[in-house]
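Everything numeric here is computed off the predicted structure, so don't read it as measured data.
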Amino acid sequence: MQKVQNYLAANKKRQLDELIEFLKIPSVSADPKYKKDVEKTAKFVAQKLKDAGADKVKVYPTKGHSIVYGEKIVDKKAPTILVYGHYDVQPADPLELWTSPPFEPVIKKKRIYARGACDDKGQVYMHIKAFEGMLSQGELPCNVKFMIEGEEEVGSVHLSAFCKKYKKMLANDVILISDTSIIDNKTPSITTGLRGLSYVEVEVTGPNRDLHSGVYGGAVANPINVLSKMIASLQDKNNRITIPGFYKDVETVKKAERKQMNKAPFSLAKYKRGLKIKDIHGETGYTTLERTSIRPTLDVNGIWGGYIGEGAKTVLPSKAYAKISMRLVPNQHPDKITKLFEKHFKKIAPKSVTVKVTPHHGGFPVVTPTDSVEYKAAAMAMKKTFKKEPIPQRSGGSIPIVALFEKVLGSKSVLMGFGLDEDNIHSPDESYGLFNFYKGIETIPYYFKYYAELKSK
Ligand code: BES
Ligand code: MN
Ligand code: MN
């Protein structure tokens, strides 16, 4: 691997220059306005895979955004690694909160700033460059297949059908994903769990039209007031979710495992400082690490209605809206939770309003084993490059397709990400440390090496 590492180290500037070009294309999957740019990004990925030496590179159109595929089969008998990632990004709004424009990448204090820098373009690009290094130096120890999609941030709507249709082409021994984070640059970790998701939008309707808040106020239900009360009632004084049956299927994590979990380095003071908050918040009886990994949550992601323009307009609005997400843990079922939410939300609505609940995308939680060769290879690779044993840690985020990979393709995923929680993914001023970008490029070839070795034993 030394030859590969020398090659990779000698090409650092070009790797970063190419990432900058990748980040310049605004591949916002949620906004139809960017449809052409999303397609351009798919083509960019395909071209870079070809340049790196991949075969059968193709941009597969879907009813939504395209999926990019490419592969290199070096030896039919060697194990096959499927690299999954996404080239789409979250919307950049609110733009005014960015220090520099989101699609004009800049490097400051050894970090690259742009939407998608960490999530997930920067991390996808590490794989393409690591592959280029291994192949060009004649040291690619595993077969590799790339599947890079453009709809992860909108729920991977068309990916499971694609996986079913091209099951043979995608056949693999393990799925390797870099779309998560490590504890810090001195404390590597491997993600062993992701939360599931149930996402709903609610609409509360009061009177048939906006009313004068003086003429009618006090006598007709104000849907914003009502919605606020309803939302407030969804959590009790211990910050437990009040939806009947919500916790019924929640996995009880054993005391010993919780103890182990809480040994991971974590500073509450630093956490609060980083977020400029005076105090933390959450479900009674659980630590911050537990609240963000093994416990389910309910959060309002957006709430609107009525007058929000300049000055004061006296109005009793006809409608109020909110987008609500629930993060799920094993063994909660997203559809079941959505139904429980809907039933409860309708039940707690006063007669003075009507309520509509619209489900959005959802996803199952995942936990991955730590006693598999797939995990061990990742632990060995990180140990080699960070010079420290990585800590297994469950994450609070979701990658809904991971559970489906197991169902459809029958293979387990390894979540070897290189981001940091402070990278501001989904927020203004997203960035990715150059240390992390290069560390990923350096580590990935070792994954291939150790995985091949462990598999041949
Ligand atoms: N890469 C993230 C998920 C993530 C981030 C996992 C950090 C662990 C640590 C992914 O792109 C993402 O944002 N997922 C969405 C879900 C999706 C359905 C929109 C999420 O978690 O909100
Ligand atoms: Mn991501
Ligand atoms: Mn994301």
Side-chain angles (χ1 to χ4, degrees), residues 84 149 151-164 167 175 177 179-180 191-202 230-231 233-236 238-254 257-258 261 282-283 285-286 290-301 322-349 355-369 393-413 415:
Y84 162 79
E149 72 152 321
E151 294 189 317
E152 196 277 339
E153 300 292 7
V154 288
S156 302
V157 209
H158 299 97
L159 195 61
S160 68
F162 179 83
C163 288
K164 277 177 200 144
K167 197 174 162 175
I175 300 170
I177 305 175
D179 193 21
T180 52
T191 303
T192 52
L194 292 164
R195 286 197 282 197
L197 188 68
S198 157
Y199 200 113
V200 295
E201 188 166 327
V202 298
M230 288 169 73
I231 288 172
S233 80
L234 294 177
Q235 269 137 349
D236 67 14
N238 294 315
N239 294 312
R240 275 179 72 89
I241 295 149
T242 56
I243 300 169
F246 185 86
Y247 291 96
K248 188 171 163 265
D249 299 329
V250 168
E251 164 204 39
T252 315
V253 179
K254 289 199 191 75
E257 200 183 336
R258 285 177 65 184
M261 233 169 231
E283 188 183 351
Y286 294 92
E290 290 169 343
R291 288 168 179 168
T292 56
S293 62
I294 57 164
R295 298 303 294 167
T297 62
L298 183 149
D299 277 291
V300 180
N301 294 248
K323 288 182 194 275
I324 298 172
S325 68
M326 288 160 278
R327 297 280 170 173
L328 312 177
V329 299
N331 304 302
Q332 289 179 296
H333 190 301
D335 298 341
K336 201 169 150 190
I337 291 294
T338 302
K339 281 203 188 92
L340 287 179
F341 175 92
E342 184 169 2
K343 192 174 157 206
H344 179 65
F345 209 68
K346 285 188 169 151
K347 198 175 143 218
I348 60 173
V355 167
K356 197 167 116 193
V357 177
T358 313
H360 284 288
H361 51 68
F364 284 88
V366 263
V367 263
T368 64
Q393 194 172 50
R394 292 205 211 175
S395 164
S398 309
I399 310 176
I401 200 67
V402 175
L404 278 162
F405 282 156
E406 211 174 318
K407 269 181 217 155
V408 179
L409 299 176
S411 35
K412 293 248 190 271
S413 298
L415 300 157

For a 4.5 angstrom cut-off between non-hydrogen side-chain atoms, does [X] reach [Y]?
X	Y	answer
Pro400	Glu152	yes
Glu290	Val253	no
Ile399	Thr180	yes
Arg394	Pro365	no
Val250	Pro296	yes
Val200	Met326	yes

Donor-acceptor pair between Ser156 and Glu149 side chains, under 3.5 angstrom: yes
Residue pair Phe364 / Gln332: nearest heavy atoms and the distance that separates them: CD2-O, 4.3 Å
For the student: nearest non-hydrogen atoms of Lys336 and Asp249, plus distance: NZ-OD2, 2.8 Å
Would a distance-only check, ignoring hydrogens and angles, find a side-chain to backbone donor-acceptor pair under 3.5 Å from [X] to [Y]?
X	Y	result
Arg291	Tyr286	yes
Thr242	Leu234	yes
Ser293	Gln393	no
Arg195	Gly396	yes
Ser198	Gly362	no
Asn301	Asp299	yes

Spacing of CE belonging to Met230 relative to NZ belonging to Lys347, to within rounding of 0.5 Å: 12.0 Å
Interatomic spacing from CZ in Phe345 to CG in Leu340 - rounded to 0.5 Å: 14.5 Å
Lys343 atom NZ, over 12 foreign heavy atoms within 6.0 Å: no
